[in-house]
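Worksheet: one structure, shown below.
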Protein chains: 2
Amino acid sequence: MPDDHSHCGHDCPDHPIDGALEILRAEGLRVTEPRKAMLTILAREHGPFSADELHKRMGKAGCDVVTIYRSLQAMEEVGVLRRCDFGDGVYRYEFNHGEHHHHHVICRVCRSVETLDVCVADSLERMARQKGYQKVTHTLEVFGVCPKCAE
Amino acid sequence: MPDDHSHCGHDCPDHPIDGALEILRAEGLRVTEPRKAMLTILAREHGPFSADELHKRMGKAGCDVVTIYRSLQAMEEVGVLRRCDFGDGVYRYEFNHGEHHHHHVICRVCRSVETLDVCVADSLERMARQKGYQKVTHTLEVFGVCPKCAE
DNA sequence: TTTCGTGCAAAACCTTTGCAAAGTG
DNA sequence: CACTTTGCAAAGGTTTTGCACGAAA
């Protein structure tokens, strides 16, 4: 169950993208075709995806990759997206589901991604806050060699 | 106590660099001046440092940055160093103290680094192994705005 | 209409690669 | 001596920036 929207089709009325668009408006960001297309892909295919991967998936709704970079950054800043770092020099983005947040296991060989639906870093965040840090966040990714690649 | 070598000077006989050099030899890597210089800096100042930061710190013992990149990679592969990823597009390295491993709090403003001497990701690694992954590792870094930058 | 987003081209950045020369064991 | 490592130069790949044009509220 890496995708909690599996109960609905692509046109599910309360699809997360609507909430995301509202946040954009509330934050003074504009709702544009490229942004809607990007969010739709991220909502449907879950990701996380890099700018380049998104670009390739946006067939006719395609826009320049630069626009994707800029929009991903803008949408991350207002909390609509979350940036993942798999340590290969490429940033990937996925929907930010707020507190209900999870992590990934990345296969070092085939680069496949599986979701681990738990987070154990609360105690670390708490420690950081006790040391006086504000706006504390964290990144946590697990790496390994997946069963298929291990034979 | 972010640095557990604070009890000794730079020439402490059982300084970690000696053990590191032995590992290099045992793995068939050569012990060269640039490598010794890099390890000395990492042992003394703890790090983690990027290739560029190391390069700047290696005054007269300086070598090409490319050599640093290659050596860091080689020494990471044999387990002497550990690579950290602070999500800013730059890789940093520090000594690998084996199982006794820790994490960092990175200030998003001034980029200062503090050590959190705990690791809580064992349960996640276990989950990954149960899913059939092998050679499981993880990265975990905490970000925030440090007290000095928060005013 | 005013402000923000986009496209295109070019730059910035960090990291990697190729090859001949030098160093290590 | 055989093999690894280094330096230099150049390439690679991802992400960012500048600026004029176009689109959203």
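So that the names make sense, note that chain A is the first sequence line, chain B the second, and so on, each numbered from 1. Everything numeric here is computed off the predicted structure, so don't read it as measured data.
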Mapping A/Gly62 and B/Ala51 onto DNA chain C by nearest heavy atom, which one lands closer to the 5' end?
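Here A/Gly62 is the residue nearer the 5' end.
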
Tell me: [atom1] of [X] to [atom2] of [N], nearest whole Å?
X: B/Leu72; N: D/dT6; atom1: CG; atom2: P; value: 11 Å
X: A/Asp88; N: C/dT15; atom1: CG; atom2: P; value: 13 Å
X: A/Asp64; N: D/dT17; atom1: CG; atom2: C1'; value: 13 Å
X: A/Leu24; N: C/dC4; atom1: CG; atom2: P; value: 15 Å
X: A/Leu21; N: D/dA25; atom1: CG; atom2: P; value: 10 Å
X: A/Phe86; N: D/dG13; atom1: CZ; atom2: C1'; value: 19 Å
X: B/His55; N: C/dC14; atom1: NE2; atom2: P; value: 13 Å
X: A/Ile68; N: C/dT6; atom1: CD1; atom2: P; value: 10 Å

Roughly how bent is the helix from C/dT1-D/dA25 to C/dG25-D/dC1 end to end, in steps of 10 degrees, with each end axis from five pairs?
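If I round to tens, the end axes sit 50° apart.
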
ring-ring contact (aromatic ring centres under 6.0 Å, His included) between B/His46 and B/Phe95, intermediate numbers included:
CA-CA 7 Å; B/His46 173 267; B/Phe95 258 94; 9.6 Å; no

Check this one for me: any side-chain N or O of [X] less than 4.0 Å away from OP1 or OP2 of [N]?
X: A/Ser71; N: C/dT6; result: yes
X: A/Gln73; N: D/dT16; result: yes
X: A/Tyr69; N: D/dT16; result: no

Would A/Arg83 and A/Thr139 count as having a side-chain donor-acceptor pair, cut-off 3.5 Å?
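On atom types as modelled, these side chains do not qualify, holding no pair under 3.5 Å.
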
Nucleotide N/O of nucleotides 18-21 of chain D paired with protein N/O under 3.5 Å:
{"from": "D/dG18", "atom 1": "O6", "to": "A/Arg70", "atom 2": "NH1", "distance (Å)": "3.2"}
{"from": "D/dG18", "atom 1": "O6", "to": "A/Arg70", "atom 2": "NH2", "distance (Å)": "3.3"}

Spacing of B/Ile17 atom CD1 and B/Met38 atom CE [to the nearest 0.5 Å]:
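Going from the CD1 atom of B/Ile17 to the CE atom of B/Met38 covers 10.5 Å.
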
Counting only non-hydrogen atoms, which of residues 26-38 of chain A are less than 4.0 Å from DNA chain D?
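Listed by number, they are A/Arg30, A/Val31.
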
A/Arg111/A/Asp88 ion pair, N-O < 4.0 Å
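Yes, this pair counts.
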
Step by step, work out the ring-ring contact (aromatic ring centres under 6.0 Å, His included) result for A/His138 and A/His103.
CA-CA 11 Å; A/His138 70 271; A/His103 296 286; 5.4 Å; yes

